[in-house]
Number of protein chains: 2
Amino acid sequence: MPQKAPRVQGCSVERTMSLIDGKWKIIVLYKLLRGTLRFNELRRLIPSITQRMLTHQLRELEADGLIVRTVYAQVPPRVEYTLSVRGRSLEPVLMAMKEWGDANLSSVEAEAA
Amino acid sequence: MPQKAPRVQGCSVERTMSLIDGKWKIIVLYKLLRGTLRFNELRRLIPSITQRMLTHQLRELEADGLIVRTVYAQVPPRVEYTLSVRGRSLEPVLMAMKEWGDANLSSVEAEAA
DNA sequence: GCCCATAGTGTCGAAAAGGATACCGTGATG
DNA sequence: CATCACGGTATCCTTTTCGACACTATGGGC
């Protein structure tokens, strides 16, 4: 691969990781696999995230073209988040993680305890 | 799923992410997919990582049971790192990431620029 | 008039991640 | 005798991450 790295140098795995850095983005993307969600729906699905972090992660995901943010100019504000086509293309990665977690997490915890 | 979460609460994707947090671990695991590597071999494969970070990440991966660290009591120190069985079971996740990166990164960068 | 929900923003500060540099012991090389 | 490579440690520092909390505007319910 030629040295055309614009933001990060390194292999494709390294550059992929730079897009989904932090634990939150993967989780947000995973929750959105099921379909469009509003801001507070995401908050309720990920109880351990704070408002501030969720906002921030959503903005970064939007900037990276992985999700689409739609604002409805209503009296109670309504903002919907959807996976973009590119975001949805991450589905194999997300599903691989979910399946690995389902299959391995309990035993890892038992051994690493 | 019952509330048996020992370290992190949340879904399996969330708990999986807590094991491979940070950009380095995924990359280290990915490099180790090809086979056993020594410390400085890993350093050369991941030029942007510092010694300190590599050491730290390797220790955490070892503590989580994803890699195996073998020390040979030789005069030039020789330490080899190998994926454990559990670490190797992450192969689908790692390969899904690599393939996504290969397929999507250049266009993402073009659009997000 | 006051509190609720929505979808955030702003600020503060702690904690963690990450980088730079120096240092360790050993044996071989020069 | 000085330097090198190996596989790290130790220390210092900056940057980023992340949580807690307060605050915003709007309209509706009480």
Side-chain angles (χ1 to χ4, degrees), chain A residues 5 7-10 13-29 31-32 35-64 67-82, chain B residues 5 7-10 13-15 17-29 31-32 35-64 66-82:
Chain A
R7 292 191 292 187
V8 235
Q9 68 283 28
V13 174
E14 201 163 342
R15 307 220 313 274
T16 300
M17 279 310 288
S18 76
L19 276 189
I20 54 179
D21 213 3
K23 58 186 167 197
W24 299 121
K25 286 182 190 165
I26 288 282
I27 301 167
V28 169
L29 291 171
K31 299 298 185 188
L32 285 176
T36 298
L37 288 171
R38 299 177 57 175
F39 185 81
N40 275 350
E41 286 175 329
L42 275 168
R43 275 234 290 169
R44 280 185 284 268
L45 285 173
I46 314 171
S48 48
I49 201 173
T50 57
Q51 234 174 1
R52 193 179 158 287
M53 268 301 113
L54 181 54
T55 302
H56 188 60
Q57 302 298 311
L58 288 170
R59 292 297 138 86
E60 286 193 9
L61 288 169
E62 191 193 4
D64 284 334
I67 63 173
V68 176
R69 180 169 179 264
T70 312
V71 184
Y72 297 89
Q74 296 182 355
V75 175
R78 177 183 187 86
V79 181
E80 287 184 349
Y81 293 94
T82 319
Chain B
R7 292 191 291 186
V8 236
Q9 68 283 28
V13 174
E14 202 162 344
R15 308 221 311 274
M17 278 310 289
S18 77
L19 276 188
I20 54 179
D21 213 2
K23 56 186 169 197
W24 301 119
K25 286 182 188 163
I26 288 281
I27 301 169
V28 169
L29 292 171
K31 300 295 184 190
L32 286 176
T36 298
L37 289 171
R38 300 176 59 174
F39 185 82
N40 275 349
E41 287 175 330
L42 276 168
R43 275 234 290 170
R44 279 185 285 267
L45 286 173
I46 314 172
S48 47
I49 201 173
T50 56
Q51 234 173 3
R52 192 181 157 285
M53 270 299 111
L54 182 54
T55 303
H56 188 61
Q57 302 299 309
L58 287 169
R59 292 296 138 85
E60 285 193 12
L61 288 170
E62 191 192 4
D64 285 334
L66 297 176
I67 63 173
V68 177
R69 180 169 180 266
T70 313
V71 183
Y72 297 89
Q74 295 182 356
V75 176
R78 177 182 187 86
V79 182
E80 287 185 347
Y81 294 93
T82 319

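Here is the naming used below: chain letters follow the sequence lines, and residue numbers restart at 1 for every chain.
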Shortest non-hydrogen contact from L54(B) toward R43(B): CD2-CG, 3.4 Å
Check: I27(B) and I49(B) side chains under 4.5 Å, non-hydrogen atoms: no
Any base atoms under 4.0 Å from Y81(B), or only sugar-phosphate, or nothing? Heavy atoms, all strands. sugar-phosphate
Among residues at least two apart in sequence or on other chains, which ones pass salt bridge (charged side-chain N to carboxylate O under 4.0 Å, His left out) with K25(B)? E60(B)
Compare the minimum distances between each of dT6(C), dG8(C), dG7(D) and the side chain of R44(A), then state the nucleotide with the smallest one. dT6(C)
Counting any heavy atom closer than 4.0 Å, what does R43(B) reach on the DNA or RNA strands: base, sugar-phosphate only, or nothing? nothing
Side chain of R59(B), heavy atoms from C-beta onward: which of dG8(D), dA7(C), dG7(D) has the nearest atom to it? dG8(D)
Pairs: protein N or O with nucleotides 11-14 of chain C N or O, under 3.5 Å:
residue, atom, partner, partner atom, Å
dT11(C), O4, R52(A), NE, 2.6

Figure out the CZ/C1' separation between R38(A) and dA7(C), and round it to whole Å. 9 Å
Before you tell me yes or no, could you show the steps for T36(A) and T70(A) under side-chain contact (heavy atoms from CB on, under 4.5 Å), namely the whole-Å CA-CA distance, both residues' side-chain angles and the distance that decides it to 0.1 Å? CA-CA 10 Å; T36(A) 298; T70(A) 312; over 6 Å; no
Could you pull out the closest heavy-atom pair between Y81(A) and L32(A), with the gap in Å? O-CD2, 3.4 Å
Partners passing salt bridge (charged side-chain N to carboxylate O under 4.0 Å, His left out) against E80(B) (at least two apart in sequence or in another chain): R78(B)
Go through the steps for K31(B) and V13(A) under the test side-chain contact (heavy atoms from CB on, under 4.5 Å), then give the verdict. CA-CA 10 Å; K31(B) 300 295 184 190; V13(A) 174; over 6 Å; no
Nearest to the side chain of K23(B), which nucleotide is it out of dT6(C), dG18(C), dG7(D)? dG18(C)
Between P on dT6(C) and CG on L37(A), what's the gap in Å once rounded to a whole number? 14 Å
Can you measure H56(B) atom NE2 to dG7(D) atom C1' for me and round it to whole angstrom units? 17 Å
Euclidean distance, atom CD1 of residue I67(A) to atom P of dA7(C) [Å, nearest integer]: 14 Å
Sorted by chain and residue number, the side-chain contact (heavy atoms from CB on, under 4.5 Å) partners of T50(A) (sequence neighbours excluded) come out as R52(A), M53(A)
If we only count heavy atoms from C-beta on, is the R69(B) to I67(B) side-chain gap below 4.5 Å? no
Length of the line joining M17(A):CE and dG18(C):C1', which is rounded to integer Å: 15 Å
Below 3.5 Å is the cut-off: list the nitrogen or oxygen pairs between protein and nucleotides 22-29 of chain D, distance only.
none

Nearest to the side chain of T50(A), heavy atoms from C-beta on, is which of dA7(C), dG19(D), dG8(D)? dG19(D)
If you assign each of M53(A) and E80(B) to its closest nucleotide in DNA chain D, which residue comes earlier from the 5' end? E80(B)
Side-chain heavy-atom pair R44(A), F39(A) within 4.5 angstrom cut-off: no
End-to-end axis angle, where each axis spans five pairs of the helix from dG1(C)-dC30(D) to dG30(C)-dC1(D), to 10°: 30°
Integer-rounded Å distance: dG8(C) P and Q74(A) CD: 13 Å
What is the distance, to the nearest angstrom, from the CG atom on N40(B) to the C1' atom on dT9(D)? 15 Å
Hey, could you give me the CD1/CD1 distance between I20(B) and I26(B), rounded to the nearest 0.5 Å? 3.5 Å
Does OP1 or OP2 of dG8(D) have a side-chain N or O of R78(B) closer than 4.0 Å? no
Nearest whole angstrom, please: distance from the P of dT17(D) to the CH2 of W24(B). 14 Å
